[in-house]
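In what follows, a single structure is set out as structure tokens and then discussed.
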Amino acid sequence: GSEAASEQGQEEEAEDRLKEHMDNLLDKSAKTRQAALQSLRLALSSKTLSEFLLERRLMLTDSLEKCLKKGKGEEQALAGTVLTLLCLQMGSGPEGEEVFRSLKPLLVSVLTDSTASPSARQSCATALGMCCYIAAADLE
């Protein structure tokens, strides 16, 4: 009994931290946004969170969009990586397709922007390829 309660408490604590990281994606400070992106990258790559993300995918997609649009270099690269992981978590269903469809034009924009940093362009290329493979409904 107490083991299950302890596990439940740890899960709620982890979800609270994830919510805080998602909120920090909208911070004015680039350092805060980058730290939040790094924490989300770590969380999304180490645990399946599809239930948690399902309810918050639109908010997270909007935040990633802002990071890709307004961020520079490292922030854009991290946002591309987090987007790839989000797509992996959402899978090939309508949710993953929706995330990919909404951010695809922005990924292409960063990828083709010759003034964007090489790491940001590489990350967006990877995100575009992985998300297309996982979630694109249109075969083209």
Side-chain angles (χ1 to χ4, degrees):
S2 66
E3 213 173 280
S6 169
E7 198 173 297
Q8 178 76 26
Q10 287 176 341
E11 200 165 303
E12 285 175 11
E13 193 178 302
E15 285 184 4
D16 288 343
R17 280 196 310 271
L18 282 171
K19 289 175 192 170
E20 188 179 319
H21 297 317
M22 288 178 172
D23 289 342
N24 286 344
L25 289 179
L26 301 173
D27 198 89
K28 287 185 180 185
S29 163
K31 279 195 184 305
T32 303
R33 290 192 309 268
Q34 283 183 16
L37 286 165
Q38 287 172 332
S39 298
L40 285 169
R41 180 187 66 192
L42 187 64
L44 294 178
S45 61
S46 60
K47 191 173 181 185
T48 303
L49 301 162
S50 44
E51 289 292 318
F52 174 82
L53 293 169
L54 203 56
E55 304 164 13
R56 295 165 184 83
R57 73 183 181 284
L58 297 177
M59 181 206 149
L60 185 53
T61 304
D62 287 346
S63 299
L64 290 173
E65 182 178 346
K66 287 182 178 88
C67 290
L68 284 168
K69 276 184 183 174
K70 296 180 178 159
K72 300 281 181 247
E74 181 69 16
E75 184 178 348
Q76 287 178 315
L78 284 166
T81 302
V82 171
L83 175 59
T84 302
L85 293 168
L86 177 62
C87 245
L88 280 167
Q89 293 264 353
M90 291 291 94
S92 61
E95 294 85 6
E97 187 183 328
E98 177 185 18
V99 167
F100 174 60
R101 190 175 47 244
S102 67
L103 288 177
K104 179 183 170 191
L106 192 52
L107 289 171
V108 171
S109 170
V110 175
L111 177 60
T112 57
D113 179 1
S114 60
T115 62
S117 78
S119 64
R121 293 174 74 185
Q122 181 270 327
S123 179
C124 287
T126 301
L128 194 60
M130 285 296 291
C131 293
C132 187
Y133 180 73
I134 294 165
D138 184 6
L139 293 177
E140 285 182 41

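All heavy atoms count here, side chains included; hydrogens, waters and symmetry mates do not. Each residue takes its place number in the sequence, starting with 1.
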Let me confirm one number: the [atom1]-[atom2] distance from [X] to [Y], rounded to the nearest 0.5 Å.
{"X": "Thr84", "Y": "Ile134", "atom1": "OG1", "atom2": "CD1", "value": "8.0 Å"}
{"X": "Leu107", "Y": "Arg121", "atom1": "CG", "atom2": "CZ", "value": "13.5 Å"}
{"X": "Phe100", "Y": "Leu128", "atom1": "CZ", "atom2": "CG", "value": "5.5 Å"}

Residues in side-chain hydrogen bond (donor to acceptor under 3.5 Å, both in side chains) contact with [X], at least two apart in sequence or another chain:
{"X": "Ser92", "result": "none"}
{"X": "Thr32", "result": "Ser29"}
{"X": "Glu13", "result": "Arg17"}
{"X": "Thr115", "result": "Asp113"}

Return the minimal non-hydrogen interatomic distance between [X] and [Y], and the atom names on each side.
{"X": "Cys131", "Y": "Cys87", "value": "SG-SG, 2.9 Å"}
{"X": "Ala79", "Y": "Cys67", "value": "CB-CB, 3.9 Å"}
{"X": "Leu49", "Y": "Ala43", "value": "CD1-O, 3.8 Å"}
{"X": "Gly73", "Y": "Ala120", "value": "O-CB, 3.7 Å"}

Check the pair Leu40, Leu25 against side chain to side chain contact (heavy atoms under 4.5 Å, CB included), reporting the backbone distance first and the verdict last. CA-CA 10 Å; Leu40 285 169; Leu25 289 179; 3.6 Å; yes
Please tell me whether [X] and [Y] are part of a single hydrophobic cluster in this structure, the criterion being side-chain heavy atoms less than 4.5 Å apart.
{"X": "Tyr133", "Y": "Leu88", "answer": "yes"}
{"X": "Leu44", "Y": "Leu42", "answer": "no"}
{"X": "Leu103", "Y": "Val108", "answer": "yes"}
{"X": "Leu26", "Y": "Leu86", "answer": "no"}

[X] side chain near [Y] side chain, heavy-atom distance below 4.5 Å:
{"X": "Phe52", "Y": "Lys19", "value": "yes"}
{"X": "Leu64", "Y": "Met59", "value": "no"}
{"X": "Cys124", "Y": "Leu68", "value": "yes"}
{"X": "Asp16", "Y": "Glu20", "value": "no"}

Give the intermediate values and the outcome of side chain to side chain contact (heavy atoms under 4.5 Å, CB included) for residues Val99 and Leu83. CA-CA 9 Å; Val99 167; Leu83 175 59; 3.7 Å; yes
Is there a donor-acceptor contact under 3.5 Å from the side chain of Ser109 to the main chain of Pro105? no
Candidate pair Leu53 and Met22, rule side chain to side chain contact (heavy atoms under 4.5 Å, CB included), full reasoning: CA-CA 11 Å; Leu53 293 169; Met22 288 178 172; 3.7 Å; yes
Residues 55-76 vs side chain to side chain donor-acceptor pair (under 3.5 Å), sequence neighbours excluded, gives Arg33-Glu75, Arg57-Glu98, Glu65-Lys69
Pair Leu78-Ser123, side chain to side chain contact (heavy atoms under 4.5 Å, CB included): steps then yes or no: CA-CA 7 Å; Leu78 284 166; Ser123 179; over 6 Å; no
Listed partners of Arg41 passing salt bridge (charged side-chain N to carboxylate O under 4.0 Å, His left out), at least two apart: none
With a 3.5 Å cut-off and no angle check, do the side chains of Ser50 and Thr48 form a donor-acceptor pair? no
